[in-house]
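Have a look at the structure below before the remarks.
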Amino acid sequence: MSLKNKLMHEVHADTPMKATSKVSIVGAGQVGMSCAISILQQHIADELALVDRVADKLRGEALDLLHGSLFLKSKISADTDFLVTEDSKICIICAGVRQAVGEVKRRQLQKNIAIYKEIIPQLVKHSPNAVLLIVTNPVDIMTYVAWKLSGFPKHRVIGTGTDLDTARFRFLLGAKLRINPISVHAYIIGEQGDESVAIWSSANVAGVNLESLDEKLANEQGDQIHKKVIESTHDVIRLKGYTSWAIGLSVASIVNAILKNIRSIHLVSINAKDEHNITNDVFLSLPCVLGITGVCGILRQRLKEKEETKLKNSVENLLKIQREIAL
Amino acid sequence: KLITPVSRDGSEASRNKVTVVGVGQVGMACAVSILLRELTDEMALVDVLEDKLKGEMMDLLHGSLFLKTPKILADKDYAITANSRVVVVTAGARQQEGESRLNLVQRNVNIFKFIIPQIVKYSPNCTLIVVSNPVDILTYVTWKMSGFPKNRVIGSGCNLDSARFRYLMAEKLGLHPSSCHGWVLGEHGDSSVPVWSGVNVAGVGLQQLSPDIGTAQDKENWKDVHKMVVDSAYEVIKLKGYTNWAIGLSVAELTESIVKNLRRIHPVSTMVKGMYGIEDEVFLSLPCV
C-alpha cells in the first residue's frame with residue numbers, strides 16, 4: 001500500500017474538473033510575469049496557464065511560481081503547447097517584440113502581426129468562448145488584429161488601452177491635490193499613446209468639477225500633466241529598461257472585473273463603431289462596463305469640440321494603418 | 001479651492017514602514033509581494049544604480065491606483081529609510097549558473113560593510129531580514145556589523161526551502177501545500193536538513209506510516225523530494241537566469257508575521273548558540289516564533 005493510501009481514505013476519486021475562472025497568459029516576459037504575479041497574489045483566478053515560445057525560460061518562470069504555491073491559491077501550469085490554455089475564461093496576450101533601436105514602427109508591427117497569426121487561432125481553438133485581452137503594443141491596432149483573426153464578437157476582444165494611462169493620470173492629479181488616486185476621477189480616452197485624449201470636462205473629485213474650479217488646471221497645467229502621462233512609458237523604459245509592475249496591476253484589475261462580473265468601468269480598447277459618430281470598425285479606448293461576458297456597455301460621454309476633433313484624427317490615423325495591414 | 005483643511009497636514013510618522021535594499025529581481029519581487037499584501041503604509045527603496053532605482057519606483061507609483069500603500073520613495077541616500085519597522089536586504093551579487101551560494105561570501109561582505117551601518121543609523125529599532133546569499137553567513141555578518149540584539153536580525157533562510165518542500169510533498173500527495181507540514185532546517189543551501197520525523201499531514205506523521213522515509217531504502221524515494229529542494233534554485237537559475245517570485249512571496253510572508261505580530265512559526269536563520277549543543281556563534285535556520 002502506498003504511503004498516500006496509508007495516509008488517506010479516499011472518499012471520492014479525484015476527477016479532473018474544468019476550471020471555473022481560468023486565465024491564460026501568452027508571453028512570459030517581464031509584462032506577462034508581472035500580470036501573472038498580480039493575478040496570483042490577489043487570488044483572482046482559480047487556474048493560471050502560461051505559454052511562451054522559449055521553453056527554458058517558460059519552465060523556469062513556472063517553477064519559480066510553483067515554488068511559491070504555499071502562499072498562493074491557484075493551480076499553475078505552463079507549456080509551449082497551447083493545449084494548456086484550454087477552457088480559459090480570459091486569454092491575456094503580452095507576446096510580441098519590442099521596438100528595436102532604429103527600427104521603423106511598421107517593421108515592429110509586421111513582426112507582431114505575424115506572431116499573432118500563430119497565437120490567435122490556437123487560443124480560439126482551445127477557448128472558443130474566452131475574452132481576449134490584448135496588451136502588446138501598439139495596443140489599439142493589435143486589438144483590431146486580434147479581433148479580425150479570432151472572428152470573436154466585439155464584446156469579447158479588448159485591449160488594455162488607456163487603462164494604465166488613466167491610472168497614471170489619476171496618480172499625478174492625486175499627487176497634485178494630495179488626494180488618493182482612488183478619489184480622483186478623470187479619464188484619458190482614445191488612441192493609446194501620444195494622441196490620447198484627456199477629458200477635462202468631466203474630471204472631478206467627489207462630484208466637484210475640477211475644470212470649473214480652476215481653469216488653469218484644465219488648460220496649461222492640465223496639458224503638462226497629460227504630457228507627463230504620455231511620456232511615462234518612455235521615462236520608465238529609459239530608466240529601468242522596460243515597464244512591468246503598473247501594467248501588471250492594471251491588467252489584474254481588468255481581469256478581476258470580468259471574472260467576478262463586477263460591472264465596474266475601465267478604459268479599455270474596444271471596437272468603437274457607432275460611438276462618437278464613428279462609422280468604421282476601429283479600436284480605441286472608451287470607458288466600458290466590464291463583466292463576465294466581457295464588455296457589457298460603453299459609457300456615453302459628452303465631449304467638447306476639441307476633444308471630438310482629436311478623437312476624429314485618431315480614428316483616421318488608425319484606419320489608415322488598418323487598411324495597410326495584410327491580414 | 002477644492003478642500004477645506006480640517007487638521008494640519010503634519011507628516012504623520014508611518015507606522016509600518018518597510019525598506020527594501022536592492023532593486024534587482026529579488027528586491028522588486030519582495031517589494032511587489034509586500035505591496036500586494038497591503039502590509040505597509042510606506043515603502044522605501046534603496047540601491048546604488050540611480051536610474052534603475054528611479055524607474056522601478058515610478059513603475060510602482062504608476063500602479064498606485066491599484067495599491068493601498070500611499071507613500072513609495074526611492075533614493076540612493078539612506079536618509080529616506082529612516083524609521084523603518086522592517087528592512088529587507090537583498091543587495092549583493094547573485095549566483096551564476098552552477099555557482100554555489102558560498103562563493104559569493106567575500107563580495108557580499110564588502111557590500112554589507114557599506115549598507116548595514118547606514119541602515120542602523122537611520123532605523124536603529126528596525127528588524128532586519130537578510131535575503132542575500134549565502135544567507136546564513138551574511139545574517140551573521142549583519143548581526144555583528146549592526147550590533148542589534150539577535151532577535152532583530154533574521155535571515156530568510158530555509159523559509160523558502162520549506163515552502164518548496166511542502167509544494168513537492170503536496171504534489172506527491174495530491175493536497176494543497178498549506179496542509180502538508182514539513183520542515184527543512186539548517187543551512188539554506190546544499191547541506192540543509194529535512195526533518196523527516198516532523199513531516200506530517202493533520203498530525204499524522206509520515207515516518208510512522210513509512211519508517212524508511214527519506215532513506216535509500218524508501219521505495220517511494222521521498223529522499224528525492226529533499227534533493228529537489230536543494231537543486232531548486234540551481235534549476236530555476238539555469239532555466240531563467242535567476243529566481244525571484246518564490247523568494248518574494250516567502251519574504252512577504254515573513255514581513256507579514258513581523259509587522260502584524262502574528263507569532264507564527266517560520267524556519268528562518270537565527271543565532272543558534274546554546275541549542276543542540278552548538279557552542280559557537282553561528283546562524284542557521286530553526287523554527288522561530
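So that the names make sense, note that chain A is the first sequence line, chain B the second, and so on, each numbered from 1.
Proximity to chain A is absent for every atom of B:Ser162, based on heavy atoms less than 4.5 angstrom apart. A:Arg59 touches chain B through backbone and side chain together, each having a heavy atom under 4.5 Å away. B:Glu235 touches chain A through its side chain: at least one heavy atom from C-beta onward sits under 4.5 Å away, while N, CA, C and O do not. Both the backbone and the side chain of A:Ser2 have a heavy atom closer than 4.5 Å to some heavy atom of chain B. A:Thr243 touches chain B through backbone and side chain together, each having a heavy atom under 4.5 Å away. Proximity to chain B (any heavy atom under 4.5 Å) is restricted, for A:Ile179, to the side chain, taken from C-beta onward. Heavy atoms of A:Gln42 lying under 4.5 Å from chain B belong exclusively to its side chain. Neither the backbone nor the side chain of B:Lys238 comes within less than 4.5 Å of any heavy atom of chain A. Heavy atoms closer than 4.5 Å to chain A are found in both the backbone and the side chain of B:Arg164. Contact annotation for A:Glu10: neither backbone nor side-chain heavy atoms come within less than 4.5 Å of a heavy atom of chain B. Proximity to chain A (any heavy atom under 4.5 Å) is restricted, for B:Glu220, to the side chain, taken from C-beta onward. Residue B:Leu61 touches chain A through both its backbone and its side chain, counting heavy-atom pairs closer than 4.5 Å. Within the 4.5 angstrom heavy-atom criterion, atoms from both the backbone and the side chain of A:Met33 approach chain B. Both the backbone and the side chain of B:Leu206 have a heavy atom closer than 4.5 Å to some heavy atom of chain A. Residue A:Leu172 does not touch chain B at all, counting heavy-atom pairs closer than 4.5 Å. In this structure, no portion of A:Thr166 lies under 4.5 Å from any heavy atom of chain B. Of the two parts of B:Gln25, only the side chain, counted from C-beta on, holds a non-hydrogen atom closer than 4.5 Å to a non-hydrogen atom of chain A. Of the atoms belonging to B:Leu175, it is side-chain heavy atoms, and not backbone ones, that fall under 4.5 Å from chain A. Neither the backbone nor the side chain of B:Met57 comes within contact range of chain A; no heavy atoms are under 4.5 Å apart.
With a 6.0 Å radius and a threshold of 12 heavy atoms from other residues, nucleotides or ligands, B:Glu38 has its CD atom above the threshold. A:Lys260 NZ: more than 12 foreign heavy atoms inside a 6.0 Å radius. Heavy atoms of other residues, nucleotides or ligands lying less than 6.0 angstrom from NZ of A:Lys228 number 12 at most. In this structure, A:Arg53 places its CZ atom where only 12 or fewer heavy-atom neighbours from other residues, nucleotides or ligands lie under 6.0 Å away.
Formation of a donor-acceptor pair under 3.5 Å by the A:Asp64 side chain with backbone atoms of B:Trp245 is found in this model. A donor-acceptor pair under 3.5 Å is absent between the side-chain atoms of A:Lys57 and the main chain of B:Lys240, judged by distance alone.
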Evaluation steps, side chain to side chain contact (heavy atoms under 4.5 Å, CB included), between A:His67 and B:Phe165:
CA-CA 9 Å; A:His67 289 160; B:Phe165 185 86; over 6 Å; no

Side chain to side chain contact (heavy atoms under 4.5 Å, CB included) between A:Leu249 and B:Leu36: does it pass, once the steps are laid out?
CA-CA 9 Å; A:Leu249 289 166; B:Leu36 283 167; 3.7 Å; yes

From CA spacing to verdict: side chain to side chain contact (heavy atoms under 4.5 Å, CB included), B:Val32, A:Trp245:
CA-CA 8 Å; B:Val32 165; A:Trp245 307 123; 3.3 Å; yes

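Listed options A:Ser69, A:Ser34, A:Ala252 were ranked by heavy-atom pairs under 4.5 angstrom with chain B; first place goes to A:Ser69. Note: A:Gln41 leads A:Met8, A:Gln41, A:Met1, A:Lys4 in heavy-atom pairs under 4.5 Å with chain B. Taking A:Leu210, A:Leu66, A:Val229, A:Val208 one by one and counting their heavy-atom pairs under 4.5 Å with chain B, the maximum is reached by A:Leu66. Ranked by heavy-atom pairs shorter than 4.5 Å toward chain B, the options A:Leu213, A:Leu63, A:Leu58 are led by A:Leu213. In terms of heavy-atom pairs under 4.5 Å with chain A, the best-connected choice from B:Met28, B:Glu171, B:Lys172 is B:Met28. The residue among B:Gly55, B:Ser178, B:Ala202 with the most heavy atom pairs within less than 4.5 Å of chain A is B:Gly55. When B:Ala233, B:Pro70, B:Ser232 are compared by the number of non-hydrogen pairs under 4.5 Å with chain A, B:Ser232 comes out ahead.
For residues 251-259 of chain B, a heavy-atom distance under 4.5 Å to chain A picks out B:Glu253, given by residue number.
Between the CD1 atom in A:Ile247 and the CG atom in B:Asp59 there is a gap of 9.5 Å [rounded to 0.5 Å]. How far CG of B:Leu209 is from CG of A:Asn5: 11.0 Å, rounded to the nearest 0.5 Å. Remark: B:Ser179 OG to A:Leu70 CG distance equals 10.0 Å, nearest 0.5 Å.
Annotation: side-chain hydrogen bond (donor to acceptor under 3.5 Å, both in side chains) contacts of B:Ser250 (sequence neighbours excluded): B:Asn159.
The two residues B:Ala246 and A:Phe71 come nearest to each other via the heavy atoms O-CE1, 4.5 Å. A:Ala246 and B:Phe66 make their closest contact through O-CE1, 4.5 Å (heavy atoms, listed as atom of the first residue, atom of the second, distance).
Between B:Asp51 and A:Lys240, no side-chain nitrogen of the basic residue sits less than 4.0 Å from a carboxylate oxygen of the acidic one, so the salt-bridge criterion is not met.
Residues A:Leu239 and B:Met58 have side chains in contact (heavy-atom distance under 4.5 Å, counting atoms from C-beta outward).
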